[in-house]
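Heavy atoms only: backbone and side chains are in, while hydrogens, waters and symmetry mates are out.
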Amino acid sequence: MTSRKKSDERSDDGRAELTAVQAALAAEHAAVYGYGVVGGRISRDRRTEAQAAYDAHRARRDALRREVLALGGTPEASAAAYELPFPVPDPAAAARLAAELEDRLAAVYADLVRAGGRARRREAAAALREAAVRAVRWRGGGVAFPGLTERASAAAPSGSASASAGVL
């Protein structure tokens, strides 16, 4: 055996990976809720886009529940409601909320890329890329290093107590 540890081996018996998967699950719960708000306020010409994002986040949420169980954890439950980061009275605010949701998801998936094993890193990187692309579509422009630069301006870091206590 070589002196270098395999990148898939974890000295913490997978706790960091489980924590990161749980954080991604909590973020997907919040995104599903947030897209419910987006769908109710977005303009008619963007409803199909909002519905597609909602469906994608529901599918990821369900997959993450299964991953938590596979890692021996109890899946994070969804909150009954989430506090929105700002009022969403019109279609423009709904589009801003959608971009914000995707930015926050990108940050959580960046954490999962770092904490996950090889297969999970691949899936997390794909989820980060999808969130970044959706954010660009909603915002109309991109950011350098999606999932990292947003962290400096985020009120609650991914996986924090407030992220799982009903704050988007």
Asker: Let me have the donor-acceptor pairs involving side chains of residues 37-44, under 3.5 Å, with sequence neighbours excluded, atom names and distances please.
Answerer:
unit_1 : atom_1 : unit_2 : atom_2 : d
Arg41  : NE     : Val88  : O      : 2.8
Ser43  : OG     : Asp45  : OD1    : 2.5

Asker: Calculate, to the nearest 0.5 Å, the distance between atoms CZ and CG belonging to Arg134 and Asp103 respectively.
Answerer: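 Taking CZ in Arg134 and CG in Asp103, the distance rounds to 12.0 Å.
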Asker: Name all residues meeting the ring pair (Phe, Tyr, Trp, His ring centres under 6.0 Å) criterion together with Tyr33; count only those two or more places apart in sequence or in a different chain, and write none if there are none.
Answerer: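 Listed in chain order: Tyr82.
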Asker: What heavy-atom pair brings Val108 and Ala24 nearest, and what distance separates the two atoms?
Answerer: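 Scanning both residues completely, I find the closest heavy atoms to be CG1-CA, 3.2 Å.
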Asker: Quick one: pull up CZ in Arg15 and CG in Leu71 and give me the separation to the nearest 0.5 Å.
Answerer: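 Reported to 0.5 Å precision, the distance equals 13.0 Å.
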Asker: If the condition is side chain to side chain contact (heavy atoms under 4.5 Å, CB included), which residues does Leu69 pass it with, not counting sequence neighbours?
Answerer: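 With sequence neighbours excluded, Leu69 shows a side chain to side chain contact (heavy atoms under 4.5 Å, CB included) to Pro75, given in chain and number order.
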Asker: Output yes when Glu49 and Arg137 qualify as a salt bridge under the 4.0 Å nitrogen-oxygen rule, no when they do not.
Answerer: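 Looking at Arg137 together with Glu49, the answer is no, because their closest N to O distance does not fall below 4.0 Å.
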Asker: Honestly curious: do Leu105 and Val68 fall in one hydrophobic cluster under the side-chain, below-4.5 Å linking rule?
Answerer: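 Yes, Leu105 connects to Val68 through the hydrophobic network.
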Asker: Minimum heavy-atom separation for Arg121 to Gly116, with atom names?
Answerer: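 Heavy atoms of Arg121 and Gly116 come nearest at NH1-O, 2.8 Å.
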Asker: For Ala26, is there any backbone N or O sitting under 3.5 Å from a side-chain donor or acceptor partner on Glu76?
Answerer: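 No, the answer is negative, given that no donor and acceptor are paired below the 3.5 Å cut-off.
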Asker: Tell me whether Trp138 is reachable from Tyr54 by hopping between hydrophobic residues (I, L, V, M, F, W, Y) whose side-chain heavy atoms are closer than 4.5 Å.
Answerer: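 Linked, Tyr54 and Trp138 end up in one cluster.
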Asker: Using the ring pair (Phe, Tyr, Trp, His ring centres under 6.0 Å) rule, collect all pairs that involve residues 86-137, keeping only residues at least two apart or in two chains.
Answerer: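 For residues 86-137: none.
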Asker: Restricting to non-hydrogen atoms, name the atom on Glu17 and the atom on Leu112 that form the minimum distance, rounded to 0.1 Å.
Answerer: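 Here Glu17 and Leu112 meet closest at O-CD1, 4.3 Å.
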Asker: Kindly write out the residues that satisfy side chain to side chain contact (heavy atoms under 4.5 Å, CB included) with Ala92, not counting sequence neighbours, or none if the list is empty.
Answerer: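 Only Asp90, Arg96 meet the side chain to side chain contact (heavy atoms under 4.5 Å, CB included) criterion with Ala92.
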Asker: Using a 3.5 Å cut-off and no angle test, enumerate the donor-acceptor pairs between side-chain atoms of residues 123-132 and protein atoms at least two apart in sequence or in another chain.
Answerer:
unit_1 : atom_1 : unit_2 : atom_2 : d
Glu130 : OE1    : Arg60  : NH2    : 2.8
Glu130 : OE2    : Arg60  : NH2    : 3.2

Asker: Kindly compute the distance separating CD (Glu28) from CG (Leu25), expressed to the nearest 0.5 Å.
Answerer: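 The CG atom of Leu25 is 8.0 Å from CD of Glu28, to the nearest 0.5 Å.
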Asker: Which distance, rounded to the nearest 0.5 Å, do you find between the OG1 of Thr48 and the CD of Gln51?
Answerer: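 Between atom OG1 of Thr48 and atom CD of Gln51 there are 8.5 Å.
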